[in-house]
Amino acid sequence: MSKIIEVSNLSKNFGSLKALDKVSFAIEQDGIYGLVGRNGAGKTTLLEILTSQTIASEGEVTILGQHPFENSYVMSNIAFIKEAQRYPDNILPKVKDVLGAAALIFENWDQGFADQLLADFRLDLKRKVRKLSKGQTAALGVVIGLASRAPVTIFDEPYSGMDPVARQLFYDRLLADYAENPRTIIFSTHLVDEAADLLEHIIVLESGRVILDAATEDLRGQAAVIEGPMAKVMGAIEKLEVLELQEVGSFGRAFVNQISQSQSSKFVSEGLNVQPISLQQLIISKTKQNSNLEMESAK
Amino acid sequence: MEDANRPIFLQLGERLENEIISGQLAEDSAIPSINELAAFYRINPATALKAVNLLVENGILYKKRGIGMFVAVGARKQLIEMHQKTFAGEFIDPLLAEGKKIGLSVVEIIQMIEKRSN
């Protein structure tokens with residue numbers, strides 16, 4: 001597989017705030033990627049630089065082997081669906097006008113697929129975009145993103161405001177279409193949860209830095225939570241990387257980054273409870289660990 | 001997949017294995033395509049492929065070029081033998097550990113098993 005996006009040492013400063021701090025990663029062609037992080041972690045700034053809506057303070061980005069800035073070749077290959085997409089207020093476009101514009105912009109636009117998606121999400125072509133609810137506006141973005149079939153399709157918080165039925169519809173349509181037409185899809189979200197099974201790879205941003213960049217299947221099952229009497233827990237975690245430690249009375253709980261099968265069975269035989277943790281919990285613990293480390297180094 | 005904590009390709013592999021053991025997927029018959037599996041379980045196609053490849057490596061499935069994946073002849077027997085080997089560790093050990101915790105002797109546990117299975 002070849003790399004479709006390469007980011008190296010990317011920084012973006014807003015005054016004294018480092019929105020992005022020496023971010024480096026690569027995205028392979030044809031895959032579903034998750035860009036995960038808390039509010040303000042730098043996700044949208046990063047995506048805006050990738051789509052050349054913002055200029056980086058430092059560092060390099062190449063997409064399809066070229067610099068994206070004012071590059072029509074690169075731009076015609078990217079669909080960027082923003083969370084809070086604004087549509088012109090003065091001309092009050094209808095849903096069909098927005099789709100008409102999208103059809104002109106995207107080379108691989110599939111009108112039949114767009115029509116099917118509109119029906120799925122119950123969007124009325126004649127409706128003014130401004131009259132759509134938050135969830136319907138998000139669904140319109142999803143329709144455009146999917147029907148664009150752009151080689152690089154980026155969804156920034158695609159499901160905010162969408163109801164559970166619409167979200168599941170989105171996953172189903174995405175997977176079915178991705179299987180037929182593989183491309184590079186990037187989701188940004190602060191919640192991995194229900195999209196976790198779709199993601200091949202996740203990149204976690206925290207305070208403008210990449211704190212995790214791994215294949216989801218490698219992460220699943222490697223981290224664990226160890227529970228039991230605090231003294232025993234402390235003994236068990238001596239040689240492990242601890243992400244988070246919690247205590248109530250004499251009872252303790254430790255989230256550890258990685259644990260082997262033999263370590264796990266040894267702890268269980270000592271009377272400790274060892275359970276794998278979910279991807280979401282791993283990301284939360286990692287993020288907390290990172291901000292703790294930062295606070296310490298700031299002291 | 002229902003278990004958020006374990007690798008999905010392992011879970012999907014186990015499902016396919018169980019379907020072969022139960023006879024739902026018959027030997028020498030085709031299994032669903034990677035894309036069908038991905039769509040049905042709402043998982044990434046690359047993950048579905050990984051699950052299927054693992055079963056191919058273990059000789060449970062085989063590839064017919066240009067047609068698809070098929071259940072190997074003898075796969076059911078092989079899987080049953082494998083599952084019998086891991087049965088004690090997976091099921092008896094936790095049973096004994098729990099029994100020990102609440103003060104049940106091995107004899108008592110055996111008696112309970114016999115009673116329940118009648």
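Reminder, nothing fancy here: chain letters follow the sequence lines and each chain counts from 1. If you're wondering where the values come from, they're calculated on a predicted model, not measured in any experiment.
Within 6.0 Å of CD on B:Glu90 lie more than 12 heavy atoms contributed by other residues, nucleotides or ligands. Atom CE of B:Met82 has more than 12 neighbouring heavy atoms from other residues, nucleotides or ligands inside a 6.0 Å radius. The 12-atom threshold is not exceeded at CZ of B:Phe40, counting heavy atoms of other residues, nucleotides or ligands nearer than 6.0 Å. The neighbour count for A:Arg38 CZ, taken as heavy atoms of other residues, nucleotides or ligands under 6.0 Å away, does not exceed 12.
Residues B:Ile8 and A:Asp197 share a closest heavy-atom pair of CD1-OD1, 3.2 Å. What you find for A:Leu175 and B:Ile43 is that their closest heavy atoms are CD2-O, 3.3 Å. Looking at every heavy atom in both residues, B:Arg42 comes nearest to A:Asp172 through NE-OD1, 2.5 Å.
The structure places CG of B:Asp93 at 10.5 Å from OG of A:Ser265, a figure rounded to the nearest 0.5 Å. Atom-to-atom distance recorded for B:Leu10:CG and A:Glu217:CD is 7.5 Å, nearest 0.5 angstrom.
Only the side chain of B:Lys50 comes within less than 4.5 Å of a heavy atom in chain A; its backbone stays farther off. Neither the backbone nor the side chain of A:Leu219 comes within less than 4.5 Å of any heavy atom in chain B.
Between chain B and the residues A:Gln280, A:Glu180, A:Gln168, the largest count of heavy-atom pairs under 4.5 Å involves A:Gln168.
Put simply, the side chain of B:Asn44 does not reach to within 4.5 Å of the side chain of A:Leu198, judged on heavy atoms. Counting heavy atoms from C-beta outward, B:Thr47 and A:Glu200 have side chains that stay 4.5 Å or more apart.
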